[in-house]
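To start, the structure under review is shown below, and the notes come after it.
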Amino acid sequence: MIAVLKNGVTEAQKNNLIDWLKSLGLGVHVSEGQYQTVLGLIGDTSKVDIDLLNGLDIIDNVTRISEPFKCANRRFHPQDTIVEVGLGSNKVKIGGGNFAIIAGPCSVESEEQIIEVAKAVKQSGATLLRGGAFKPRTSPYDFQGLHGEGLKLLRKAREATGLPIVTEIMSAAHLDLFEDVDLIQVGARNMQNFELLKELGRLRRPILLKRGLANTLKELLMSAEYIMSEGNENVILCERGIRSFDTYTRNVLDLSAVPMLKELSHLPIIVDPSHATGKSRLVKPMSMAATASGADGLIIEVHNDPIHALCDGAQSLTPEQFDEVAKKVFTIREIL
């Protein structure tokens, strides 16, 4: 349920209403817009007499939200959410008209590799550095990442370039290792690991939530709801392709998800053309299309030696190829 307050409502009147709603056992989320204030009511709203609420002098209108996702709902929070990643002068904004490119190797392999790639992608316009320290692989015999050592190397790359770091968490048991990771990524395979999502919701750091291989947009938003219901509103959604019967691409990149999610939710949405297609030659056209569709950013795999990459070399761009993609993307942003 959402309650829209009339213009001119005093702070005391608003707080009195919030206190009354909380006394009914409801959570109250306040969204302060330029022209109106929206109260989002979370919990068992059957306790609320909607006619009584509508009859209050300070209430403009009251609406019940039928969708199961409340915190992530656009009606709950009409303005776009802007998520800030990083600290100080290196802080990056995503959403609300702010566009960001996350770039780097699928997996952190060595100090030389991650720092070289970090410097290259920053020079080309990337504002965040990605790199896998823990790697979920289909085969248990494939390279699984450097784990804690990989996180140390990411921090060294951040020191060398100033780029905030983005890396994937596999288990709540690893949370202590992620204390100074700027943007924690939840991969497609963990999108419905609800216990992990709840633990991340108790943090206040930004979370990048990837859509599952065969999950609907509603299921993606419900996973975001798990994080937000615990108090963490710093969630960025990621469309990374869904599984289909076709075999020419690794997945099918669902770009219609971008405008649809923007209609349904206030959360930022970025696109991963690397995992979606699985082919480096398709990353440029899909990056351009994703940008034109209104995405708030991209996450692209870049490796200084893709042929010898320990993970996903076929979908990784060289730094020179990434530079070309970034130029095309920024040109489209200027046009938009």
Side-chain angles (χ1 to χ4, degrees), residues 67-73 83 94 102 106-107 130 132-140 142 144-145 166-174 178 183-201 203 206-230 232 234-247 249-265 267-279 282-283 286 290 293 295-301 311-312 315:
E67 295 92 344
F69 50 93
K70 311 297 182 185
C71 298
N73 201 301
V83 176
I94 304 175
I102 306 168
C106 176
S107 178
R130 63 147 294 148
F134 293 82
K135 291 305 302 177
R137 305 300 298 277
T138 302
S139 170
D142 289 339
Q144 306 287 316
V166 184
T167 194
E168 181 174 353
I169 191 168
M170 296 295 297
S171 167
H174 301 150
F178 283 70
L183 178 58
I184 300 176
Q185 175 183 311
V186 177
R189 294 170 179 83
N190 270 317
M191 191 205 86
Q192 291 185 307
N193 183 344
F194 300 127
E195 291 304 312
L196 173 61
L197 298 181
K198 286 190 283 187
E199 288 293 333
L200 294 173
L203 303 179
I207 307 298
L208 175 61
L209 179 65
K210 285 196 164 188
R211 184 181 181 182
L213 305 177
N215 288 106
T216 64
L217 297 184
K218 180 180 178 180
E219 288 168 339
L220 173 61
L221 290 171
M222 288 307 299
S223 290
E225 196 77 9
Y226 265 93
I227 300 170
M228 301 178 76
S229 66
E230 294 291 338
N232 188 353
N234 300 303
V235 178
I236 301 167
L237 305 173
C238 180
E239 164 58 36
R240 47 81 67 210
I242 50 178
R243 180 169 288 171
S244 83
F245 48 82
D246 208 324
T247 57
T249 55
R250 185 175 179 180
N251 296 286
V252 173
L253 181 55
D254 181 11
L255 288 183
S256 65
V258 175
M260 194 71 250
L261 285 169
K262 283 188 169 289
E263 183 178 310
L264 292 169
S265 178
L267 297 175
I269 169 74
I270 70 170
V271 172
D272 180 348
S274 301
H275 277 95
T277 65
K279 298 179 186 293
L282 298 181
V283 171
M286 290 299 95
S293 73
D296 296 299
L298 301 167
I299 178 167
I300 298 175
E301 293 192 357
C311 178
D312 286 343
Q315 65 197 38

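In this chain, residues are counted from 1 in sequence order.
To the nearest 0.5 Å, atom CD1 of residue Ile227 and atom CG of residue Leu197 are 5.0 Å apart. Taking CG of Leu264 as the start and CD of Glu67 as the end, the distance is 7.0 Å to the nearest 0.5 Å. Annotation: the span from Met286 atom CE to Leu255 atom CG amounts to 6.5 Å, rounded to 0.5 Å. The CD1 atom of Ile270 lies 12.5 Å from the CG atom of Leu267; values are rounded to the nearest 0.5 Å.
In terms of heavy-atom proximity, Glu199 sits nearest to Ala172 at CG-CB, 4.0 Å. Of all non-hydrogen atoms in Val271 and Ala295, the two that sit nearest each other are CG2-CB, 3.9 Å. For Leu237 against Ala224, the heavy-atom pair with the smallest separation is CD2-CB, 4.0 Å. Closest approach of Arg130 and Ile300 over heavy atoms only: CD-O, 3.8 Å.
Residues that satisfy the salt bridge (Lys or Arg N to Asp or Glu O under 4.0 Å) test with Lys70, not counting sequence neighbours, are absent from this structure. Applying the side chain to side chain contact (heavy atoms under 4.5 Å, CB included) criterion to Ser256, with sequence neighbours excluded, gives Asp254. Remark: Ala276 engages Leu253 in a side chain to side chain contact (heavy atoms under 4.5 Å, CB included) (not counting sequence neighbours). Residues passing the side chain to side chain contact (heavy atoms under 4.5 Å, CB included) test with Ile184, sequence neighbours excluded: Ile169, Phe178, Val181, Leu200, Leu203, Arg205, Ile207. Partners of Gln315 under the side chain to side chain donor-acceptor pair (under 3.5 Å) rule, at least two apart in sequence or in another chain, are Arg250, Glu301, Asp312. Taking Glu263 as the reference, nothing meets the side chain to side chain donor-acceptor pair (under 3.5 Å) condition, with sequence neighbours excluded.
Each of Lys210, Arg240, Arg211 was evaluated against Asp272; a single residue qualifies, Lys210, per the side chain to side chain donor-acceptor pair (under 3.5 Å) test.
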- Any chance you could lay out the side-chain contact (heavy atoms from CB on, under 4.5 Å) test for Ile94 and Asp296, step after step, and finish with the verdict? CA-CA 6 Å; Ile94 304 175; Asp296 296 299; 4.2 Å; yes
